[in-house]
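Quick note: numbers below take in every heavy atom, side chains included, and nothing from hydrogens, waters or symmetry partners. Numbers restart at 1 for each chain; the letters A, B, ... are given by sequence-line order, proteins then strands.
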Amino acid sequence: MIALIDVNNFYVSCQRVFQPVLEGKPVVVLSNNDGCVVARSNEVKALGVRMGHPWHQLRDMADQYGILAFSSNYALYADMSNRVMQVLAEFSPDQEVYSIDECFLGLGGLASVYPDFTVLGQTIRHTVRQATRLPVCVGIAPTKTLAKFANHLAKKRPVFAGVCDWDVLSPASRQQYLLDVEVGEVWGVGPRISKRLNSEGIHCVADLARADPEQIRQRYSVVLQRTVLELNGVSCLALEDHAPDKQQILCSRSFGQPICRYRELAEAVSTYVARAAEKLRKQQSLAGGLAVYIRTNPFRPDDPQYSKHIAVPLSQASDDTLLLTRAALWVLKRIYRRGFSYAKAGVMLLDLQPRTGIQGYLFAEQADPLKRALLNDTMDAINRRWGRGTLRVASTGNNQSWKMRQNLVSPCWTTRWDEIPVAKA
DNA sequence: TCTGGGGTCCTAGGACCC
DNA sequence: TCTGGGGTCCTAGGACCC
């Protein structure tokens with residue numbers, strides 16, 4: 001048996017933990033640059049605001065209904081996520097952290113510890129609430145896909161009070177739920193596939209569950225075949241208890257305002273490389289290649305449009321910020337065109353490989369790799385202690401006019417001493 | 001004025017090998 | 001008229017997830 005636990009309206013709930021006055025009010029959290037709605041409270045969902053909707057188009061509505069908006073505060077969400085995962089890890093030795101706000105717990109072999117999984121689910125809800133003030137829902141089932149489905153029911157149907165154990169439902173009520181829910185709600189069935197399924201007579205989850213897996217594989221893909229099997233209780237997706245290393249690392253941002261000059265693009269690209277290289281060193285990998293892209297604003301079709309992306313291999317795999325920066329700026333110089341108004345840039349580290357067991361290179365360009373490694377480690381240590389960007393490469397610039405907008409950001413209540421909440425008597 | 005960021009997996013098709 | 005069989009590796013594109 002597998003449990004799926006996820007936090008309700010995660011980013012919004014994090015904001016509410018430290019601002020209880022937001023409870024019961026319509027609240028949204030915005031993407032970087034205060035661009036799109038990426039989290040909604042139930043009150044906002046009830047108003048019909050869609051996920052990913054551009055915020056600037058909702059201004060009038062926000063005024064009318066008193067919707068409160070916050071910039072994304074990832075320092076806060078990441079810290080709250082760690083707390084939740086730590087609490088949940090106490091309930092099972094098998095935990096797969098699936099995303100910032102959800103995880104699977106393996107319950108196999110724990111039936112003697114937890115004789116009633118519904119009771120366990122309620123205990124989990126209560127414990128997480130107690131430790132973090134965050135609300136979670138729990139779905140329990142024999143496969144991941146069914147656990148996701150059970151979690152969906154736990155969230156949407158008040159009768160479950162936040163916990164749905166698929167196994168204790170009667171066959172008749174299971175069938176009813178499968179009939180009630182649209183196929184597009186199933187984990188792994190996105191908009192494209194559900195449209196196609198609909199056109200072929202598969203509308204609800206029950207339709208998909210009783211489809212012939214072999215035919216589904218032939219007509220769609222092995223991925224959807226697995227989904228069908230999982231809906232029938234045949235486990236095809238294993239619990240992955242330790243996260244595999246990333247195969248690629250991306251850092252990209254839209255700019256707070258459009259920029260034209262190479263100099264400014266170079267600042268942004270240098271900044272993104274530094275961030276990506278930090279992630280790379282954290283997982284102890286080396287990049288064998290790197291790509292850079294820049295683009296204008298596609299939402300202004302009347303402006304001249306340009307978008308270019310080039311990937312290059314490195315002569316020797318590396319995790320050195322200086323070397324990667326030099327390579328990225330080399331690429332940028334080749335893709336930059338004068339006369340465009342750029343809206344976004346990105347850096348991708350490719351062909352990642354473990355730091356150990358690397359083939360040496362006869363014609364190494366780096367003067368002293370050990371010294372350079374020490375430099376990077378020192379830079380990481382300083383930035384960990386004193387804050388990101390305390391020590392950085394000069395090409396990242398000084399005033400950073402392109403920096404993203406974050407006008408509505410809340411304090412980092414849990415990760416900065418000077419922003420820690422104060423209780424007044 | 002204003003439209004996010006970061007990933008994964010699978011498949012088809014082409015290049016190449018013997 | 002008629003042109004094999006069996007394989008690997010790589011890449012681009014499409015789908016999905018949060």
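In the model, A:D34 has a side-chain atom that pairs as donor or acceptor with a side-chain atom of A:S71 under 3.5 Å. For the residue pair A:S194/A:E182, the side-chain donor-acceptor check at 3.5 Å is not satisfied. Between A:N297 and A:D303, the side chains place no donor N or O within less than 3.5 Å of an acceptor N or O (distance only, hydrogens not considered). Side chains of A:T415 and A:D79: no donor on one and acceptor on the other come within 3.5 Å.
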**Request:** Could you summarise the pairing of DNA chain C as dot-bracket text, marking Watson-Crick and G-U pairs under 3.5 Å with ( ) or [ ] inside the strand and | across strands?
**Result:** ....||||||||||||||

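Residue A:F255 contributes atom CZ, which lies 10 Å from atom P of B:dG5 at whole-angstrom precision. Whole-Å rounding puts the A:K144 NZ to C:dC18 C1' distance at 14 Å. Following rounding to the nearest Å, A:E185 (CD) and C:dC16 (P) show an atom-to-atom distance of 14 Å. Rounded to an integer number of Å, the gap from NZ of A:K148 to P of C:dC16 is 15 Å. Distance, A:N73 CG to B:dG5 C1': 16 Å, rounded to whole Å. What separates CZ of A:R405 from P of B:dG5 is a distance of 11 Å, to the nearest Å. Between the CD atom of A:Q257 and the P atom of B:dC2 there is a distance of 11 Å, rounded to whole Å. Between the OH atom of A:Y74 and the P atom of B:dG5 there is a distance of 9 Å, given to the nearest Å.
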**Message:** Across nucleotides 6-15 of chain B, 5' to 3', mark each nucleotide with B, S or - according to how protein heavy atoms within less than 4.0 Å reach it.
**Reply:** SSBSSS----

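Remark: the separation of the P atoms in C:dC18 and B:dT3 is 25 Å, to the nearest Å.
Each of A:D377, A:D319, A:D380 was compared with A:R281 under the salt bridge (charged side-chain N to carboxylate O under 4.0 Å, His left out) criterion, and only A:D380 meets it.
In this structure, A:W55 reaches neither bases nor backbone, as no heavy-atom distance under 4.0 Å exists between it and the strands shown. Contact annotation for A:P298: no contact, since no heavy-atom pair falls under 4.0 Å across all strands. A:V37 comes within contact range of no nucleotide atom at all, as no heavy-atom separation falls under 4.0 Å. The residue A:N33 sits apart from the nucleic acid: no heavy atom pair falls under 4.0 Å.
A:G121 and A:V138 make their closest contact through O-CG2, 3.9 Å (heavy atoms, listed as atom of the first residue, atom of the second, distance).
The aromatic rings of A:Y177 and A:F160 sit tilted, their planes meeting at an angle between 30° and 60°. A:Y11 and A:Y77 have parallel rings, their planes meeting at less than 30° on a 0 to 90° scale where 60° marks the start of perpendicular.
Sorted by residue number, the members of residues 95-104 of chain A with any non-hydrogen atom under 4.0 Å from DNA chain C read A:Y98, A:S99, A:D101, A:E102.
Sorted by first and then second residue, the ring-ring contact (aromatic ring centres under 6.0 Å, His included) pairs with a member in residues 255-284 of chain A read A:Y262-A:Y336; sequence neighbours excluded.
Here B:dG5 is the nucleotide among B:dC2, B:dG5, C:dC16 with the atom lying nearest to any side-chain atom of A:N32.
Scored by the side chain to side chain contact (heavy atoms under 4.5 Å, CB included) test, A:Q257 finds A:S401 as partners (sequence neighbours excluded). Every side chain to side chain contact (heavy atoms under 4.5 Å, CB included) that A:Q284 has, sequence neighbours left out, goes to A:R355.
Both cation-pi conditions hold for A:R334 and A:W330: the charged atom is under 6.0 angstrom from the six-membered ring centre and inside a 45 degree cone around its axis.
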